[in-house]
There are 2 protein chains.
Amino acid sequence: MARASESPRYVAIAAEIRDTITNERLDPHTPIASERDLSERHGVSRMTARHALALLESEGFVYRRPPHGTFVSEPRVAFHIASFSDEISRLGRTPGAVVLWAEERKPTRSVREALGLTANATVHALQRLRSADGEPIAIETTYVPAALTPGLLEQDLGGSLWAVLREEYTVLAVSATASIQSVVIDDDACKLLGVRSASAGMLLTRRTYDADGRAIEFARDIYRADRASFEVEALIPAPR
Amino acid sequence: MARASESPRYVAIAAEIRDTITNERLDPHTPIASERDLSERHGVSRMTARHALALLESEGFVYRRPPHGTFVSEPRVAFHIASFSDEISRLGRTPGAVVLWAEERKPTRSVREALGLTANATVHALQRLRSADGEPIAIETTYVPAALTPGLLEQDLGGSLWAVLREEYTVLAVSATASIQSVVIDDDACKLLGVRSASAGMLLTRRTYDADGRAIEFARDIYRADRASFEVEALIPAPR
DNA sequence: CAGTGGTCTAGACCACTGG
DNA sequence: CAGTGGTCTAGACCACTGG
């Protein structure tokens, strides 16, 4: 039944749980009542209790871990547009990188244009799962002009890519332009990141340049929206 | 029933609609089949059809407009960290600002620290609904040191705030630091923005400085996630 | 008044996990 | 084997809108 000027029951139940988490300062990973518990306690059907938990999950307050239950979430990590490894280290955590795939290939049109490559240039393309203290945080898909970095794919890519570019190829990342938007994470990526299907993500699309203004990297990174925020600085253009 | 190695039915139905929107290049605001139509056509309950549409809505592919139906969404707007008015004008659209409230007050601790104010300083606080061609895009909540801008609240705030600061107070915004994160928009803000309850948003928290490095503005802006992306530039710090 | 999405019920079976 | 979340059914009544 719809109620004029009253909250739907799932909203009220979610509010009660949200308040409990906030006011009692529940630790991350503390269990929340199960859907069946909630439905009994509030005298609603399980679908309605479920709706309340789904709302809290979309807000990042709780996460589900079937078949164990529903738990309080951890707060998020603040990123600068910089080396993932450096950002995680700065927070006193241990960065990780697992190479999912890596190959030399012809770039797609959008990658070619982003890197300013000629029609027959190739790129080193790689995808890595990035983590902090073993917790998956982001999936990075990176494209580097192959001419700039011969043999890159034989290097150890389990750490900072920018460090490899710097130390093995004397290529130094000095500036970047990026676009940040909110997305829904696709199923394969959700599995890799250990989040539920269709979770919210932040898509960071980045072009990185060296001191000569040469494009040295193009990347599309998917961050867990519940674990990341981005810190940016900007110079304001003069008024028109 | 769960099906090993098969998609749930709501995912399959959503995929079919998503493909139709993409492949047939359906125009924004084109109607999608109703929940009852979908349930009949696919031989599922209405709750399952509804689940499919809820998934597409969370992805930004469709929007609901009760009791009219469900429709194809518009693509999003790319913002730089700059004047909202300038950004919208740059795209050839007409910016709008409606003042929701404006008052002089004692700042909260977080606002005071962000602006670097002394304990007894006051701020001009205002909240505005920003739009492009009349379409609501963001809610800006802005704090300006009152000592810097006497009489600000009596000015016309229906346009660019930075223009007022520049022209009436000779205060020029030259740089900003910002944080961008994904949030769920609260109910009151959803109503103002004309989006459904608990929609995804981007929270931009910004400090703006003049040429002397003086903090001239602190703002918390909520953007519709389905309508905005943020373009940023960054200088990469030297390796540690 | 027909049709829409919003909310809700009272069930059901499923895969999966840990004890 | 008890308990969890995931999916699904076949209904219901509601407020609201436009013709």
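Given the structure is predicted, the values throughout are model-derived calculations rather than measurements. Convention: sequence-line order gives letters A, B, ...; per-chain numbering from 1.
In this structure, the NE2 atom of A:His42 is 12 Å from the P atom of C:dT9, given to the nearest Å. Atom CG in B:Leu38 sits about 12 Å away from atom C1' in C:dG5, given to the nearest Å. As rounded to whole Å, 15 Å separates atom C1' of C:dC16 from atom NZ of A:Lys191. Atom pair A:Tyr63:OH and D:dT4:P shows a separation of 16 Å (rounding to whole Å applied). Note: CD1 (B:Ile13) to C1' (D:dT9) measures 13 Å, nearest angstrom. Spacing between atom CE of B:Met47 and atom P of D:dT7 amounts to 13 Å, rounded to whole angstrom units. Rounded to an integer number of Å, the gap from CG of A:Asp187 to P of D:dT7 is 10 Å. Separating the CG atom of A:Leu55 from the P atom of D:dG5 is a distance of 16 Å, rounded to the nearest angstrom.
The side chain of B:Ser45 approaches D:dC8 more closely than any other nucleotide in the set C:dC8, D:dC8, C:dC13. Here C:dG5 is the nucleotide among C:dG5, D:dT7, C:dC13 with the atom lying nearest to any side-chain atom of B:Arg50. Listed nucleotides D:dT7, C:dC8, D:dG6 differ in distance to B:His51; the shortest reach to its side chain belongs to D:dT7. The side chain of B:Arg64 approaches C:dG5 more closely than any other nucleotide in the set D:dT9, C:dG5, D:dC8. Of the listed nucleotides (D:dT9, C:dT7, C:dG5), C:dG5 has the atom at the smallest distance from the side chain of B:Thr70.
For a distance-only test at 3.5 Å, the side chain of A:Arg36 fails to qualify as a donor-acceptor partner of the base of D:dG3.
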| field | Base-pairing string, 5' to 3', of DNA chain C - Watson-Crick or wobble, under 3.5 Å, | interstrand | value | ||||||||||||||||||.
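The residue among A:Val11 and A:Arg46 whose nearest nucleotide of DNA chain C lies closer to the 5′ end is A:Val11.
Listed pair B:Tyr10 / D:dT7 meets the phosphate criterion, a side-chain N or O lying under 4.0 Å from OP1 or OP2. When the side-chain nitrogen and oxygen atoms of A:Ser34 are compared with OP1 and OP2 of D:dG3, none of them lie within a distance under 4.0 Å.
Remark: the backbone N or O of A:Val44 is not paired with any side-chain donor or acceptor of A:Thr48 at under 3.5 angstrom.
Judged purely by distance below 3.5 Å, without hydrogens or angles, the side chains of B:His124 and B:Glu103 never pair a donor atom with an acceptor atom.
Using a 4.5 Å heavy-atom threshold, the side chains of B:Val123 and B:Leu115 count as touching.
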| query | Which is it for A:Ile17 and A:Leu56 under the side-chain contact (heavy atoms from CB on, under 4.5 Å) test, yes or no, and what are the steps along the way? | reply | CA-CA 8 Å; A:Ile17 299 170; A:Leu56 291 169; 3.6 Å; yes
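Ring pair A:Phe230/B:Phe230: centre-to-centre distance not below 6.0 Å.
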Nucleotides 17-19 of chain C: which of its N/O atoms have a protein N/O under 3.5 Å away?
residue: C:dT17; atom: O3'; partner: A:His68; partner atom: NE2; Å: 3.4

